[in-house]
2 protein chains.
Amino acid sequence: MKAETIQRSLEDSGLRCTAQRYAVMAFLMEHKGHPTAAEIFEGVNRLDPRSSRATTYNNLRDLVKAGLVSEVAVEGRAGRFDAKGTRHHHFICDRCGSVEDMDWYNVPKPASRSLGKRVVRECQLIFRGLCTKCAARRASR
Amino acid sequence: MKAETIQRSLEDSGLRCTAQRYAVMAFLMEHKGHPTAAEIFEGVNRLDPRSSRATTYNNLRDLVKAGLVSEVAVEGRAGRFDAKGTRHHHFICDRCGSVEDMDWYNVPKPASRSLGKRVVRECQLIFRGLCTKCAARRASR
DNA sequence: ATATTAGATTAGATATATTCTAATTATTCG
DNA sequence: CGAATAATTAGAATATATCTAATCTAATAT
């Protein structure tokens with residue numbers, strides 16, 4: 001039944017439901033820990049069909065463009081991906097670069113005067129600091 | 001007089017005011033367009049002392065850690081840097097990856113319940129969409 | 001059903017971005 | 001001064017992401 005859900009959301013976005021694309025989507029829905037492209041590539045290939053690195057990147061790009069997946073860029077590290085489920089913000093750890101979900105809450109839009117002729121598609125709130133693990137590690141020194 | 005300002009802010013952060021480090025800081029204050037590390041490297045070397053790529057990256061890292069400079073990660077592209085002047089948010093163009101400043105306004109903090117044991121150092125608001133140039137370009141098609 | 005076309009995928013090469021290494025130089029401090 | 005620490009260097013190495021050109025697949029038209 002999740003299978004049909006994925007298939008439908010792909011097709012609704014005008015994307016064919018290929019084995020490789022489906023696998024990326026399914027992997028993201030089962031691994032909520034914001035995996036990198038390399039982890040996704042490894043993960044989907046560990047299971048079944050041989051998928052190439054290029055295809056994994058292509059599909060991630062397509063899924064992001066279609067709005068089914070979001071990407072979180074992390075300074076100096078691989079980007080991380082996330083199946084868009086319920087709305088949420090993100091937390092990025094300064095030390096280990098891990099990305100975690102944060103409860104969503106509404107953020108006021110910028111004044112239209114400050115927008116100029118820009119077209120704003122979305123607005124992301126990103127918290128930075130130390131994750132639980134890294135905070136504990138620092139405290140114990 | 002800007003020279004002393006830079007020197008003081010470096011020393012206040014426990015960083016020696018070396019020629020290379022100063023140059024990075026000065027370059028960032030004169031170029032508000034959010035340059036990449038490569039552009040900064042090129043820029044400071046075009047002027048005067050030979051500085052190496054590694055040093056440029058090292059200094060950028062130190063300056064970010066000291067809170068004098070901020071870095072904006074952009075998906076699939078080089079990170080961009082910004083001397084922290086007055087507070088502001090950022091806008092990232094989906095198409096060309098350019099980063100622009102947006103007027104600052106206060107953003108409500110998350111509920112402490114949702115923070116857990118995380119330590120939040122800062123909170124960034126990032127707008128995404130099409131910059132003025134790219135929006136115009138798209139409209140004309 | 002075949003042919004045509006557009007959409008996807010592939011392996012590997014390439015490009016881009018960043019960090020590491022080990023040696024060297026500069027600065028601070030006792 | 002001399003020792004210890006901080007900073008810099010060139011270039012190699014790594015990590016990350018995209019490109020290429022050939023091939024395969026699926027949808028549509030004939």
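Quick note on labels: first sequence line is chain A, next is B, and so on, each numbered from 1. Remember, predicted model here, so these are calculated numbers, not experimental data.
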Has B:Thr55 got a side-chain N or O lying under 4.0 Å from the OP1 or OP2 atom of D:dT9? yes
Going through the checks in order, is the side chain to side chain contact (heavy atoms under 4.5 Å, CB included) test met by B:Phe127 and B:His89? CA-CA 8 Å; B:Phe127 301 97; B:His89 298 302; 4.0 Å; yes
Salt-bridge criterion met for B:Arg128 and B:Glu75 (N-O under 4.0 Å): yes
Side chain of B:Ala54 only, please: which of D:dT8, C:dG7, D:dT9 is the nearest? D:dT9
Residue-phosphate contact under 4.0 Å: B:Arg53 side-chain N/O, D:dG11 OP1/OP2: no
Heavy atoms from other residues, nucleotides or ligands near NZ of B:Lys133 exceed 12 (cutoff 6.0 Å): no
Any heavy-atom pair between the side chains of A:Pro110 and A:Leu115 that's under 4.5 Å? yes
Kindly point out which of D:dT8, D:dA7, C:dT10 is positioned nearest to the side chain of B:Arg16? D:dA7
For B:Asn59 and D:dT8, is the shortest distance between a side-chain N/O and OP1 or OP2 below 4.0 Å? yes
Tell me what A:Thr18 touches on the nucleic acid: a base, only sugar-phosphate, or nothing, going by heavy atoms under 4.0 Å. sugar-phosphate
Tell me, which of residues 74-82 of chain B have any heavy atom that sits under 4.0 Å from an atom in DNA chain D? none
Give a yes or no on whether the backbone of B:Arg16 and the side-chain of B:Arg21 come within a donor-acceptor separation of less than 3.5 Å. yes
What nucleic acid atoms does A:Thr36 come within less than 4.0 Å of, heavy atoms only: base, sugar-phosphate, or nothing? nothing
Stepwise side chain to side chain contact (heavy atoms under 4.5 Å, CB included) test for B:Val69 and B:Lys84: CA-CA 5 Å; B:Val69 166; B:Lys84 275 190 188 167; over 6 Å; no
Please pick, from D:dT9, D:dA7, C:dT18, the nucleotide with the shortest atom-to-atom distance to any side-chain atom of B:Ala37. C:dT18
A:Tyr57 side-chain N/O to D:dA17 phosphate OP1/OP2 under 4.0 Å: yes
Under the 6.0 Å and 45° cation-pi test, does A:Arg118 pair with B:Phe91? yes
Among A:His31, A:His90, A:Lys32, side-chain hydrogen bond (donor to acceptor under 3.5 Å, both in side chains) partner for A:Asp82: A:His90
For the helix from C:dA1-D:dT30 to C:dG30-D:dC1, how many degrees between its two end axes (five pairs per end), to the nearest 10°? 30°
Can a salt bridge be assigned to the pair B:Arg113 and A:Asp103 using a cut-off of 4.0 Å between side-chain N and carboxylate O? yes
